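Right, one structure below, let's go through it.
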Amino acid sequence: MKLILDVSHHQVPSKMDYDALAKQIDLIIIRTQYGSNLIDRYYKKHHEEFQRRGTPTAAYAWVRGVSENDMKVEARDFYNRTKQFQPTFWFVDVEEKSMANMRAGISAYIKELRRLGAKKVGIYVGHHLYKSFNLKMEEADAVWLPHYGKNNGTVNSTPKYPCDFHQYTDKGRLKGYNGPLDLNRVLSDKPWSYFVHKRGGQPTTKQFAVTRNVGAYRTAKQAKEKKQRVGTVQSGTYFIFNESNGMVNVTKQKGIPGSWIDPAEMRQTKQYYTVKRGDTLSHIAAKNGLTVSQIHALNPQIKNVNIIYANEKVRIK
């Protein structure tokens with residue numbers, strides 16, 4: 001049975017043995033926020049620690065919007081706070097009646113998440129609220145329902161309504177945490193890969209050649225923006241774990257996430273043109289798809305753009 005754990009900031013990192021927990025679970029769903037105003041204190045830490053150990057991470061946000069517009073605001077906060085971790089799923093957690101028409105409100109929330117770029121959006125709704133809220137379940141990519149039965153840490157009940165994930169207890173116990181945990185199982189007919197990989201398939205295992213040392217980053221966004229570099233990926237042959245927005249996650253361990261890199265860094269090698277008799281900078285620039293100003297910027301040693309000499313080396317890249 002696949003085991004899914006969901007956590008919030010009530011699970012304090014200092015009391016969690018991430019190594020032990022990661023070995024027991026197949027997916028973790030991490031709360032980002034409780035409404036817009038309360039941000040989970042440890043959601044970033046949880047994503048980082050479990051992803052570092054190769055555990056897929058999804059995200060959820062408790063909904064408290066009081067109008068359709070407010071729901072959209074919460075959706076934007078949820079997305080912007082979480083997108084750097086690229087969760088496999090975005091779950092909208094509906095456990096209280098925060099506005100009169102929850103059906104319309106949750107629909108607005110989901111549509112805003114999708115507009116922002118969330119690929120897979122799910123709904124978690126209280127079992128006792130399922131009928132009265134009458135949410136548009138067809139808009140969700142997955143349904144997650146709580147139904148505890150005896151609530152003694154074991155599976156002893158089944159939800160009355162169709163769902164993909166069943167939260168069967170909030171009194172579960174796992175090695176690595178000395179306290180009660182929310183445990184979940186899969187009741188879906190969808191393949192497991194649908195829930196743990198962003199595009200519904202297995203992570204690619206094609207090889208990738210790193211031709212020169214490049215910067216290593218924790219996220220695709222950081223690699224693209226060249227921010228918060230964490231080290232260097234040495235030249236060599238790697239596997240690709242994931243690709244996003246032109247960035248590539250390369251790894252030495254097949255199927256285990258590694259570091260994000262920008263492939264463009266490997267193409268930034270210097271190239272030179274040897275000046276021939278009769279050449280001008282404008283001729284060299286046109287021949288290489290550049291402007292004279294660009295050529296001059298690459299060659300600050302050229303004092304006069306109208307004077308170059310045969311056999312002189314001019315940088316063109």
Side-chain angles (χ1 to χ4, degrees), residues 2 4-8 27 29-38 40 58-82 87-151 155-170 182-192 194-196 198 200:
K2 297 293 185 185
I4 304 162
L5 174 65
D6 65 272
V7 297
S8 67
L27 172 68
I29 311 175
I30 300 163
R31 191 176 75 173
T32 297
Q33 61 190 40
Y34 177 77
S36 277
N37 295 330
L38 194 157
D40 263 49
Y60 78 96
W62 183 301
V63 175
R64 307 198 76 205
V66 298
S67 66
E68 288 185 43
N69 186 62
D70 197 31
M71 290 288 192
K72 292 178 183 179
V73 171
E74 285 197 13
R76 288 195 290 273
D77 288 336
F78 180 27
Y79 184 80
N80 289 326
R81 289 165 179 164
T82 318
T88 63
F89 246 92
W90 303 76
F91 281 99
V92 180
D93 180 3
V94 191
E95 298 189 57
E96 64 178 279
K97 188 171 183 178
S98 56
M99 59 180 285
N101 189 343
M102 291 299 291
R103 180 180 171 91
I106 298 305
S107 182
Y109 196 119
I110 290 174
K111 287 176 181 176
E112 185 67 5
L113 277 179
R114 294 198 190 281
R115 185 190 70 80
L116 292 166
K119 301 301 181 185
K120 293 181 183 175
V121 180
I123 292 176
Y124 175 106
V125 59
H127 198 276
H128 63 295
L129 300 170
Y130 190 99
K131 276 192 173 181
S132 61
F133 281 1
N134 188 28
L135 305 180
K136 295 182 181 179
M137 294 302 187
E138 66 276 9
E139 292 184 342
D141 298 303
V143 175
W144 177 18
L145 296 180
H147 193 264
Y148 294 165
K150 295 180 181 178
N151 197 16
V155 179
N156 51 65
S157 71
T158 300
K160 290 171 54 178
Y161 311 106
C163 65
D164 296 284
F165 290 174
H166 169 209
Q167 186 182 80
Y168 59 87
T169 186
D170 64 359
D182 292 349
L183 300 182
N184 308 263
R185 61 173 176 152
V186 181
L187 295 181
S188 181
D189 58 1
K190 302 181 180 74
W192 178 242
Y194 181 79
F195 302 106
V196 295
K198 299 172 184 63

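Please read these numbers as outputs of a predicted model, since none were measured by experiment.
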- Task: Please step through side chain to side chain contact (heavy atoms under 4.5 Å, CB included) for the pair L129 and V94, ending with a clear verdict.
- Result: CA-CA 9 Å; L129 300 170; V94 191; 5.7 Å; no
- Message: Using the rule given for side chain to side chain contact (heavy atoms under 4.5 Å, CB included), can you reason through L27 versus W192, listing the C-alpha separation, both sets of side-chain angles and the distance that settles it, and then say yes or no?
- Response: CA-CA 10 Å; L27 172 68; W192 178 242; 3.9 Å; yes
- Message: Run the side chain to side chain contact (heavy atoms under 4.5 Å, CB included) test on M102 and E96 for me, step by step, so that the C-alpha distance in whole Å, both residues' side-chain angles and the decisive distance to 0.1 Å come before the verdict.
- Response: CA-CA 9 Å; M102 291 299 291; E96 64 178 279; over 6 Å; no
- Query: What do the steps show when you test L145 against V125 for side chain to side chain contact (heavy atoms under 4.5 Å, CB included), and what is the final call?
  - Reply: CA-CA 6 Å; L145 296 180; V125 59; 3.5 Å; yes
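Rounding to the nearest 0.5 Å gives a distance of 5.5 Å between CZ of F165 and CD1 of I29. Taking SG from C163 and NE2 from H147, the interatomic distance works out to 10.0 Å, rounded to the nearest 0.5 Å. Once rounded to the nearest 0.5 Å, the distance linking CG of L183 with CD1 of I4 reads 10.0 Å. Note: H128 NE2 to E95 CD = 8.0 Å, rounded to the nearest 0.5 Å. Of the inter-residue distances, the one linking M71 atom CE with R64 atom CZ reads 11.0 Å to the nearest 0.5 angstrom. In this structure, the separation between CD on E68 and NZ on K111 is 8.5 Å, given to the nearest 0.5 Å.
For the side chain to side chain donor-acceptor pair (under 3.5 Å) criterion with Y148, the lone passing option out of Q167, H166, H127 is Q167. For the pairing with N184, the side chain to side chain donor-acceptor pair (under 3.5 Å) check across W144, Y168, Y124 returns one residue only, W144.
Considering only heavy atoms from C-beta on, L113 comes within 4.5 Å of V92 through its side chain. Counting only heavy atoms from C-beta outward, the side chains of T82 and I30 never approach each other to under 4.5 Å. With a 4.5 Å cut-off on side-chain heavy atoms, R103 and S107 do not count as touching. Side-chain contact between V73 and R76 is present, with at least one heavy-atom pair separated by less than 4.5 Å. Looking only at side-chain heavy atoms (C-beta outward), S98 and D70 stay at 4.5 Å or farther from each other. The shortest distance between side-chain heavy atoms of K136 and I106 does not fall below 4.5 Å. In this structure the side chain of Y60 never reaches within 4.5 angstrom of the side chain of P87, judged on heavy atoms.
Taking a 6.0 Å sphere around NZ of K160, one finds it holds 12 or fewer heavy atoms contributed by other residues, nucleotides or ligands.
Residues passing the salt bridge (Lys or Arg N to Asp or Glu O under 4.0 Å) test with R115, sequence neighbours excluded: E112. D40 pairs by the salt bridge (Lys or Arg N to Asp or Glu O under 4.0 Å) definition with R31, not counting sequence neighbours.
Between D164 and A142 the shortest heavy-atom distance is OD2-CA, 3.2 Å. For the residue pair R81 and T32, the shortest heavy atom distance occurs at CB-CG2, 3.8 Å. Between A108 and K72, the shortest heavy-atom distance links the atoms O-CG, 4.1 Å. For the residue pair K120 and Y194, the shortest heavy atom distance occurs at NZ-O, 2.6 Å. Minimum interatomic distance between D141 and K119 (heavy atoms only, all atoms of both residues): OD2-O, 3.6 Å. The shortest non-hydrogen separation linking E139 to R114 is O-NH2, 2.8 Å.
With N156 contributing its side chain and K150 its backbone, the two residues share a donor-acceptor pair below 3.5 Å.
Taking the six-membered ring for Trp and thresholds of 30 and 60 degrees, W90 and F78 have ring planes more than 60 degrees apart, a perpendicular arrangement.
By the 6.0 Å and 45° rule, K131 does not stack over the aromatic ring of Y161.
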